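The shown structure was predicted, so the numbers you read here are calculated from the model rather than taken from an experiment.
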Amino acid sequence: MKKNLFFHLLPVLALVLGVSACTTPLEKTEYTNVLPANTTEIAAINMKALAEKTGINDAGNQEAREKLLGLLAEGSSAELVKELKVIMKDPAEAGIDWEAPIYLFNAPSLRNAAMAVKVTDLQKFETLLGVFAKENWCTAPQKADGCRTVELKEGGIQLAYNNGTLLVVYGGSSAQLKKLQPAVTELMKQPADKSLHINTHFEQMMKQKGDIRLLATPDALPMDVRGVLNWPHGTQLLGYVLFENGRIYATLQRAGFEGKTRENNQPFHPKNARELQQAMMSIMRGTPFNIELTSEELLTLTNLRALMEFAPDQPEVNALYQVIMKIETLNVRGDNNRTTFTVVLTEKNQNALKQIIDFAKQFAGL
């Protein structure tokens, strides 16, 4: 096989990082109309802010970008390499609006997660798809009701698009994608008054600060978290994640809540697993909680201190140890209406996301 599954997924990565031209213009669409009103979880991702905070365009990342380009272009034509270089230099040449949020959401009718992206230049976007099709990264565009589709066969992914909207759907196989096609076309034709726009909390979600903004129901949370936070079935939750210099901050709260949260409780520092277990039992009874852990306490609770003595050369153990040692404090505080999560890092002169990416690159050898 010319390329494995990873390489067949690279076209989606190329679009996020950033066939033939249309002969009949498609009517301009509003891409947020594809968001289903009955979604149980959705995240709006500010790609421009994340790109700036990762330092992806900094001079220091030139070598990493060149290595990534080498992976993308391995065994490919000069035309593809040229196109990828253009997009890496100016991502807007992919025909995508990177200043508009990218939405990752649960789509019940698709029985899976999907992604919605704003298309600003259909001709540029289809030109890019045309290059991908020549490399057998995807199929040639096929006409559907109200949109066109291409498939990344090895990845089981379909791209449905029109003049304004790109919907990325995972099916797992060509056969499954074919079964999902009616649901895909329905979403692509969906008017605003049938979409998530009718959810009263959608606008509130988008007014939140944060690099990643969230709207979900407790059903989307792991069972143990759902039980601890004591939110009843049917509750809708708002949240966001924000990366700052030396800090990662996140919050999750009951949508529509306007009362006061009980945040004056004193921080508790569990010194061992038993103390942490006792604290969790109190939380499950509805007691407001404020658990604070230093890197030393984290090493103890995760048994990493003992592991480092017996297996200091194991890459996974060493990597986790190095991550924890960059943490000054980890704090989780909450009650029945809101929970906040804060990580303060020892290096405060850099954005927290950039620190994470730099560590990941080092660990991956980029």
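- Shown here for I198 and A192, the closest heavy-atom pair between the two residues is CG2-O, 4.1 Å.
- Using a 4.5 Å cut-off on side-chain heavy atoms (C-beta onward), L238 and Q204 make contact.
- The distance between the ring centers of F268 and F289 does not fall below 6.0 angstrom.
- A donor-acceptor pair is defined here as one N or O able to donate and one able to accept, closer than 3.5 Å; no such pair exists between the side chain of E135 and the backbone of W137.
- Within the 4.5 Å cutoff, side-chain heavy atoms of Y31 are placed close to those of P101.
- At a threshold of 4.5 Å between non-hydrogen side-chain atoms, the residues I283 and I291 count as touching.
- Distance OG1/T127 to CG/D121: 8.0 Å, rounded to 0.5 Å.
- Within the 3.5 Å criterion, the main-chain N or O of A107 finds no donor-acceptor partner in the side chain of T39.
- Smallest separation of non-hydrogen atoms from I157 and Y170: CG1-CD1, 3.9 Å.
- Separating the OG1 atom in T54 from the CE atom in M47 is a distance of 8.5 Å, to the nearest 0.5 Å.
- The closest donor-acceptor contact from the side chain of Q208 to the backbone of M205 lies under 3.5 Å.
- Judged by distance alone, with hydrogens and angles left aside, the side-chain atoms of D211 form no donor-acceptor pair with the main-chain N or O of L242 at under 3.5 Å.
- More than 12 heavy atoms of other residues, nucleotides or ligands shown are found within 6.0 angstrom of NZ on K53.
- The two residues A140 and V150 come nearest to each other via the heavy atoms C-CG1, 4.1 Å.
- Applying the 6.0 Å contact sphere to NZ of K189 captures more than 12 heavy atoms from other residues, nucleotides or ligands.
- With hydrogens and angles ignored, the 3.5 Å screen pairs a side-chain donor or acceptor of N162 with a backbone N or O of T165.
- L187 is not listed as a side-chain neighbour of T185, based on a closest heavy-atom distance of 4.5 Å or more.
- Under the side-chain hydrogen bond (donor to acceptor under 3.5 Å, both in side chains) test applied with Q236, the options T40, N199, T217 reduce to a single match, N199.
- The backbone N or O of H269 lies less than 3.5 Å from a partner atom in the side chain of K271, making a donor-acceptor pair.
- There is no side-chain donor-acceptor pair under 3.5 Å between T294 and E296.
- Two residues are said to be in side-chain contact when any heavy atoms from C-beta on lie closer than 4.5 Å; Q181 and E186 fail this criterion.
- Judged purely by atom type and a 3.5 angstrom limit, R148 has no side-chain atom pairing as donor or acceptor with the backbone of Q142.
- Screening L320, L299, T346 for a side chain to side chain contact (heavy atoms under 4.5 Å, CB included) involving M325 leaves a single residue, L299.
- Atom CG of L237 is separated from atom CD of E41 by 11.0 Å, given to the nearest 0.5 angstrom.
- Distance check: Q158 CD to L180 CG gives 8.0 Å after rounding to the nearest 0.5 Å.
- Between the CG atom of L177 and the OG1 atom of T149 there is a distance of 9.0 Å, given to the nearest 0.5 Å.
- Within a 6.0 Å sphere centred on CE of M281, heavy atoms belonging to other residues, nucleotides or ligands number 12 at most.
- Heavy-atom minimum distance, V169 versus V184: CG2-CG2, 4.0 Å.
- Relative orientation of the Y103 and F202 rings is tilted, given thresholds of 30° and 60° on the angle between their planes.
- Just one of T261, N336, N337, T339 meets the side-chain hydrogen bond (donor to acceptor under 3.5 Å, both in side chains) condition when paired with R254; it is N337.
- Minimum interatomic distance between P270 and L301 (heavy atoms only, all atoms of both residues): O-CD1, 4.1 Å.
- In this structure, V119 and D97 have side chains that are not in contact, with every pair of non-hydrogen atoms separated by 4.5 Å or more.
- Remark: side-chain polar atoms of Q355 are paired, donor with acceptor, to backbone N or O of Q350 under 3.5 angstrom.
- A 4.5 Å side-chain heavy-atom check between F341 and T251 finds every atom pair outside the cut-off.
- Note: Y249 and F243 fail the aromatic proximity criterion, with ring centroids not under 6.0 Å apart.
- You'll find the side chain of L196 stays beyond 4.5 Å of the side chain of P36, heavy atoms only.
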*Stepwise salt bridge (Lys or Arg N to Asp or Glu O under 4.0 Å) test for E328 and K348*: CA-CA 10 Å; E328 187 175 287; K348 298 181 175 61; 2.7 Å; yes
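- Atom CG of D358 is separated from atom CD of E347 by 9.0 Å, given to the nearest 0.5 angstrom.
- Closest non-hydrogen pair, N33 versus S195, comes out as O-CB, 3.3 Å.
- Distance alone, capped at 3.5 Å, places no donor-acceptor pair between the N318 side chain and the Y321 backbone.
- Defined by atom type and a distance below 3.5 Å, a donor-acceptor pair is present between the side-chain atoms of N290 and N331.
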*Should N163 and T29 be marked as a side chain to side chain contact (heavy atoms under 4.5 Å, CB included) after you check the CA-CA gap, both sets of side-chain angles, and the distance that decides it?*
CA-CA 6 Å; N163 191 10; T29 63; 5.8 Å; no
